[in-house]
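Since the structure comes first, as structure tokens, the remarks are kept for the end.
Counting convention: from 1, in listed order, for ligands and their atoms alike. Everything quoted here is computed from the prediction, not taken from an experiment.
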Amino acid sequence: MKAYQANILFTPTPERFEMLEHGYVVVGDDGNVVGAFASLPDEYKSIELVDYGNQILIPAMNDLHVHAPQYRNLGIAMDMELLPWLNTYTFPEESKYRDIKYAERMYRRFVRDLWKLGTMRAAIFATIHPEASCLLADLLNEAGMGGLVGLVGMDRNSPETLSNTVEEAVRGTLRVLNHTASMPLVSAIVTPRFVPSCTPEMMTALGRLANDNHLPVQSHLSENQSEIAWVKELEPESSCYGDAYRRYGMFGQTPTLMAHCCYTEGEEFELMRKNHVFAVHCPTSNCNLGSGIAPIRRFMNAGIPVALGSDVSAGSGFSIFRVIHYTLQMSKMKWVHGAHKEAFLSLSEAFWLATKSGGSFFGKVGSFEPGYAFDALVIDDSDLNFDNYTLQHRLERYVYLGDDRQLKHRFCQGKEIQAPKI
Ligand code: GUN
Ligand code: FE
């Protein structure tokens with residue numbers, strides 16, 4: 001057992017921060033939080049104490065939607081909307097991951113950058129390539145970080161260099177599942193790229209795979225108007241885009257992440273609510289590709305679970321703090337354009353999305369309540385905190401102004417995580 005002393009903030013509920021100035025988090029040998037306390041209870045007085053002084057201690061970030069094989073395209077190619085962007089920039093880059101040497105060079109940097117920006121767990125799209133996908137799982141596991149790695153299924157409207165067969169997608173996913181069986185924090189996730197990339201045969205097989213093995217599912221939903229119109233043409237029997245996943249058993253039959261959901265309404269909204277499908281909000285990506293503004297307040301009011309995603313490389317960086325910042329700004333744009341009817345998000349709400357709400361996809365992750373994994377960041381904000389700011393304002397300034405330079409320690413499941421080698 002160990003106790004960490006610092007200025008502690010976390011969000012057991014979205015409405016407000018739990019704040020403990022010079023408080024304590026006690027962590028058990030299993031890496032789970034025993035409790036967070038304003039003063040150290042007598043029973044823990046004899047355990048090892050780590051004193052972080054005036055620094056800030058918060059739960060680590062969770063990225064619920066990110067494309068590892070788009071690493072090289074970070075910060076470039078923002079001049080097109082989704083569909084031409086995929087064909088022109090993304091598919092050619094992902095095709096390169098057939099070469100395991102190239103994959104290793106990029107995936108090492110990918111894991112290092114997740115670490116650098118304070119993301120300890122991620123739901124990741126890999127590519128169609130099983131060897132590179134297993135390597136990505138190895139690198140996360142060696143780093144001590146958590147994640148779900150998705151071998152991507154795509155067998156239509158995709159270049160020959162980036163297509164797999166139904167059998168290859170199923171076998172590849174099972175290979176990642178077996179490969180990660182002994183890894184404590186890394187596992188596999190069923191990953192149909194999106195409806196336009198998957199034939200009904202692919203969807204049927206991946207839906208069966210998810211349901212037979214109780215595996216989670218991740219994909220894209222209602223990101224862009226042209227994409228939605230295309231899905232209508234491709235899947236005329238489906239009543240909405242979301243229904244095209246539901247009919248194949250991949251819309252909440254097992255835990256499901258759907259990235260974007262910019263235009264989700266009506267029946268699709270109801271389906272997400274009823275089936276507890278996560279809407280993964282990717283506001284930096286939605287700005288870069290001009291996709292739209294997702295109705296996050298409406299999702300939250302209806303009880304649809306929401307998480308945050310960087311969506312690298314449509315999103316132009318790994319920082320989930322940056323995604324929180326954009327979540328707040330975009331929610332204000334939504335508020336303005338919706339005649340001020342639905343309130344914009346507060347800092348604590350956006351922080352909760354990044355920590356406890358997103359973390360819930362990995363188990364008890366994203367809070368310092370008893371039983372939660374001790375995934376944590378220690379922030380030395382002394383360069384930003386040059387006057388008497390309140391603790392909440394210090395965190396707010398870090399969200400808006402900070403970067404990796406202030407991140408001093410990172411923990412995942414109770415272990416301090418050192419910089420992964422690139
Ligand atoms: N839809 C299908 N594939 C992708 C992708 O790689 N990125 C984004 N943003 N949307 C997608
Ligand atoms: Fe994406």
Under 3.5 Å, which donor-acceptor pairs link side chains of residues 130-145 to any protein atom two or more places apart or in another chain?
| unit_1 | atom_1 | unit_2 | atom_2 | d |
| --- | --- | --- | --- | --- |
| Ser133 | OG | His129 | O | 2.7 |
| Asp138 | OD1 | His179 | NE2 | 2.7 |
| Asp138 | OD2 | His179 | NE2 | 3.2 |

- Using the ring of Phe125 (Phe, Tyr or Trp, six-membered ring only), decide whether Arg193 places NZ or CZ under 6.0 Å from its centre and within 45 degrees of its axis. no
- Query: Does Trp115 have Arg410 sitting over its ring (NZ/CZ under 6.0 Å from centre, angle to axis within 45°)?
  - Reply: yes
- Item | Greater than 12 external heavy atoms within 6.0 Å of Arg247's CZ | yes
Tell me which donor-acceptor pairs under 3.5 Å the side chains of residues 411-422 have, and how far apart each pair is, sequence neighbours excluded?
| unit_1 | atom_1 | unit_2 | atom_2 | d |
| --- | --- | --- | --- | --- |
| Gln413 | OE1 | Arg121 | NH2 | 3.3 |
| Gln413 | NE2 | Asp30 | O | 3.2 |
| Gln413 | NE2 | Asn32 | OD1 | 2.8 |
| Glu416 | OE2 | His409 | ND1 | 2.7 |

- More than 12 heavy atoms of other residues, nucleotides or ligands under 6.0 Å from CD of Glu369: is that the case? yes
- Item | NZ (Lys332) with more than 12 external heavy atoms under 6.0 Å | yes
- Message: Give the residues near ligand 1 by chain and number, with the criterion being a heavy-atom distance under 4.0 Å.
- Response: His67, Gln70, Leu82, Trp85, Leu86, Arg193, Phe194, His220, Glu223, His260, Asp311, Ala314
- Query: Any side-chain donor paired with an acceptor under 3.5 Å for Ser219 and Tyr245?
  - Reply: yes
- Message: Check the orientation of Trp335 and His340. Use parallel for under 30°, tilted for 30 to 60°, and perpendicular for over 60°.
- Response: parallel
- Note on the structure: Within less than 2.8 Å of the Fe ion (ligand 2), the count of protein N, O or S atoms comes to 4
